[in-house]
Protein chains: 2
Amino acid sequence: MNLTAAEENYLKAIYHLSDGASKSVSTNDIAAEMKTKPASVSDMLRKLGEKEVINYRKYYGVNITPEGKKLALQTIRKHRLWEVFLVEKLNFAWDEVHEVAEELEHIQSPLLIQRLDAFLNYPKFDPHGDPIPDEFGDVKARPRIPISEMEIDQSGQIVAVKDSSAAFLRYMDKVGAYIGARVKILDKVEFDGSVEILVDQKKSIFMSKDVASNILAVQS
Amino acid sequence: MNLTAAEENYLKAIYHLSDGASKSVSTNDIAAEMKTKPASVSDMLRKLGEKEVINYRKYYGVNITPEGKKLALQTIRKHRLWEVFLVEKLNFAWDEVHEVAEELEHIQSPLLIQRLDAFLNYPKFDPHGDPIPDEFGDVKARPRIPISEMEIDQSGQIVAVKDSSAAFLRYMDKVGAYIGARVKILDKVEFDGSVEILVDQKKSIFMSKDVASNILAVQS
DNA sequence: TTTTGGGTTTAGGTTAGTCTAAAAATAAGT
DNA sequence: ACTTATTTTTAGACTAACCTAAACCCAAAA
Ligand SMILES: [Mn+2]
Ligand SMILES: [Mn+2]
Ligand SMILES: [Mn+2]
Ligand SMILES: [Mn+2]
């Protein structure tokens with residue numbers, strides 16, 4: 001099954017919106033995610049349905065098929081490997097890689113990806129802490145929770161960010177939060193859910209619930 | 001000036017067919033080079049003419065403009081840098097890189113190319129011996145002649161191949177000819193122009209004029 | 001159970017890039 | 001100079017990916 005770049009982007013969006021499962025996804029949500037109009041989405045869903053990478057019943061949303069999931073994971077694998085390359089080898093900042101990886105992920109060459117993977121020493125996670133699927137599409141999920149859901153006095157380690165936008169990542173840099181940092185919850189404000197955390201046993205950061213919910217950690 | 005991938009490919013073809021100068025190029029030749037039909041070429045020439053990267057007078061062929069030449073050289077620069085990356089870093093064979101580089105060259109990111117160039121240590125030549133233009137589009141040409149034009153007993157060093165097709169490159173590998181090899185002309189057959197050469201002072205190779213004209217050397 | 005409003009699809013149009021077939025322009029041969 | 005032959009362009013169609021505007025579906029509220 002050969003997909004165009006646009007089809008790959010849509011399929012990836014559908015995969016993400018279904019949270020990796022085969023949960024049903026709506027036309028409007030896809031349009032929002034893809035920054036296109038619902039009419040364009042309907043058009044694309046018909047095509048993806050014909051290619052049997054999604055199950056499409058008009059007016060009832062779509063579910064990704066096992067075949068579609070495999071293809072989406074291949075694209076995600078490529079995206080994340082390229083991100084690792086850009087950061088590790090070309091010294092890109094983690095907030096500069098997404099757009100370029102969005103283009104690079106569509107290069108068609110199994111050999112290229114196989115060799116890139118080896119060159120990067122088979123990385124398991126991308127610069128944002130997201131797991132890199134293996135060549136068969138297997139992802140080993142790490143248990144992780146938003147620090148907004150951690151309790152006072154609990155400790156953990158930042159392992160990923162939910163929002164990979166440049167704006168959010170630059171905020172992370174600014175306050176000195178990074179993947180791998182050790183954190184401890186110092187205080188939580190009941191009223192609005194904002195939290196105060198201690199980073200690496202020295203720096204205290206105060207952040208809104210919105211921010212805290214985008215920082216993912218493993219507890220320890 | 002922003003060009004689409006297709007426009008970049010056409011412009012590159014026109015640049016190559018004009019031998020780097022602003023020599024006039026015909027619709028049919030472009031169609032042959034691009035493996036499209038003349039009708040498609042006419043269409044594209046109109047567009048490229050409007051963007052002023054070529055001078056286009058109907059029925060009289062096209063000339064690349066200085067602006068067009070600069071853009072073509074940018075694409076060529078990217079193509080060749082990626083080829084170096086694939087061979088040097090990802091262990092591709094020199095006959096496996098062209099198709100992939102043909103896709104990678106269209107990735108739009110000045111930062112990416114600048115960083116890639118640095119990562120590769122500012123290479124001056126690609127795996128086929130072709131010079132890599134600098135970021136301003138300057139290429140320093142090396143004097144080089146096909147070994148079919150060398151005289152008996154003359155010596156030199158292989159610096160490039162004119163034909164970068166996988167078939168030709170695999171032939172080069174098979175007979176043990178490579179970029180950097182020292183060669184000496186042992187014999188030339190008047191009748192058909194075929195030649196016998198000595199490679200690295202040990203291996204003698206007999207080849208047709210056609211082959212010999214695709215191997216470029218500097219005399220010494 | 002009928003109305004109504006939000007979500008979704010269809011209808012019809014646009015641009016890029018390709019094609020075939022036919023027309024037109026230039027170049028070549030007598 | 002006139003008639004061919006070759007090259008090139010135009011005309012008309014197709015697919016992919018988008019759009020706007022209009023029609024349509026369906027589920028929740030009246
Ligand atoms: Mn993409
Ligand atoms: Mn990422
Ligand atoms: Mn190309
Ligand atoms: Mn090359």
Side-chain angles (χ1 to χ4, degrees), chain A residues 1-15 17-18 23-64 68 71-72 75 99 102-103 105-108, chain B residues 1-15 17-18 23-64 68 71-72 75 99 102-103 105-108:
Chain A
M1 181 54 45
N2 260 5
L3 301 180
T4 66
E7 287 169 340
E8 286 183 343
N9 287 334
Y10 272 96
L11 197 57
K12 209 158 50 100
I14 293 167
Y15 174 81
L17 290 169
S18 9
K23 204 178 103 178
S24 199
V25 175
S26 80
T27 299
N28 262 357
D29 287 354
I30 297 169
E33 178 82 10
M34 293 294 298
K35 293 171 170 115
T36 57
K37 301 293 163 179
S40 308
V41 174
S42 287
D43 223 51
M44 183 55 87
L45 294 183
R46 192 185 38 72
K47 288 182 215 163
L48 293 175
E50 278 165 11
K51 294 195 172 186
E52 301 188 353
V53 294
I54 58 170
N55 287 317
Y56 178 39
R57 281 175 47 232
K58 281 175 195 172
Y59 294 102
Y60 288 93
V62 293
N63 299 87
I64 198 161
L71 291 169
T75 307
E99 312 306 313
E102 202 55 54
E103 291 192 53
E105 70 188 357
H106 305 293
I107 304 287
Q108 301 293 0
Chain B
M1 180 53 46
N2 260 4
L3 301 179
T4 66
E7 287 170 340
E8 286 183 345
N9 286 334
Y10 271 97
L11 197 57
K12 211 159 48 103
I14 293 167
Y15 174 82
L17 290 169
S18 12
K23 206 177 103 180
S24 199
V25 175
S26 79
T27 299
N28 263 354
D29 287 354
I30 298 168
E33 179 82 9
M34 294 293 298
K35 292 173 172 120
T36 57
K37 302 292 162 176
S40 309
V41 174
S42 287
D43 221 53
M44 184 55 87
L45 293 183
R46 189 184 42 70
K47 289 181 214 164
L48 293 176
E50 278 164 14
K51 294 197 172 186
E52 301 188 354
V53 295
I54 59 171
N55 287 316
Y56 177 40
R57 283 175 44 233
K58 281 176 193 170
Y59 295 103
Y60 288 92
V62 293
N63 299 87
I64 198 160
L71 290 170
T75 307
E99 312 306 315
E102 201 56 54
E103 292 192 52
E105 69 188 357
H106 304 294
I107 304 286
Q108 299 295 359

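These numbers come from a predicted model, not from an experiment.
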Task: Whole-Å gap separating P (D/dA16) and CG (A/N2) - done: 13 Å
Open item on the list: Using side chain to side chain contact (heavy atoms under 4.5 Å, CB included), reason through A/K23 and A/L17 one step at a time and then give a plain yes or no.
Closed with: CA-CA 8 Å; A/K23 204 178 103 178; A/L17 290 169; over 6 Å; no
- [ ] Please test A/I14 against A/L45 for side chain to side chain contact (heavy atoms under 4.5 Å, CB included), starting from the C-alpha separation and ending with a verdict.
- [x] CA-CA 10 Å; A/I14 293 167; A/L45 294 183; 4.0 Å; yes
Open item on the list: Tell me whether the count of non-hydrogen atoms from other residues, nucleotides or ligands lying under 6.0 Å of CZ in B/R46 goes above 12.
Closed with: yes
Task: A/M34 vs A/M44 side-chain heavy atoms within contact, under 4.5 Å - done: no
- [ ] Could you grab the distance from atom CD of B/E7 to atom CG of B/N2, nearest 0.5 Å is fine?
- [x] 9.5 Å
Task: Atom-to-atom span, CZ of A/R57 to P of D/dC25 - whole angstrom - done: 15 Å
- [ ] Residues of residues 39-55 of chain A with any non-hydrogen atom less than 4.0 angstrom from an atom of DNA chain D: list those, numerically ordered, please.
- [x] A/A39, A/S40, A/D43, A/M44, A/K47
Task: Steps toward side chain to side chain contact (heavy atoms under 4.5 Å, CB included) verdict (A/L71, A/E8) - done: CA-CA 8 Å; A/L71 291 169; A/E8 286 183 343; over 6 Å; no
- [ ] Step through the shown structure and confirm whether more than 12 heavy atoms of other residues, nucleotides or ligands are within 6.0 Å of NZ on A/K51.
- [x] yes
TODO: Kindly point out which of C/dT9, C/dC19, D/dT8 is positioned nearest to the side chain of B/N28?
DONE: D/dT8
Open item on the list: What is the distance, to the nearest angstrom, from the CG atom on A/N9 to the C1' atom on D/dA16?
Closed with: 14 Å
Task: d(CG, B/L3; P, C/dA16) in whole Å - done: 12 Å
Open item on the list: If only side-chain N and O atoms count, and only distance matters, is there a donor-acceptor pair under 3.5 Å linking B/Y15 with B/T75?
Closed with: no
Open item on the list: Nearest whole Å is fine: how far is D/dA11 C1' from B/K37 NZ?
Closed with: 18 Å
TODO: Round to a whole Å and report the spacing from CE of A/M34 to C1' of D/dC19.
DONE: 15 Å
Task: Nearest-neighbour nucleotide for the A/T4 side chain, D/dA17, D/dT8, C/dT9 considered - done: D/dA17
- [ ] Taking only the side-chain heavy atoms of A/Y10 (C-beta and beyond), determine which of C/dT20, D/dC18, D/dT9 contains the nearest atom.
- [x] D/dC18
- [ ] Quick one: pull up CG in A/L11 and CD1 in A/I54 and give me the separation to the nearest 0.5 Å.
- [x] 8.0 Å
Identify each atom pair where a protein N or O and an N or O of nucleotides 23-27 of chain C are less than 3.5 Å apart, giving names and distance.
from, atom 1, to, atom 2, distance (Å)
C/dA25, O4', B/Y59, OH, 3.4

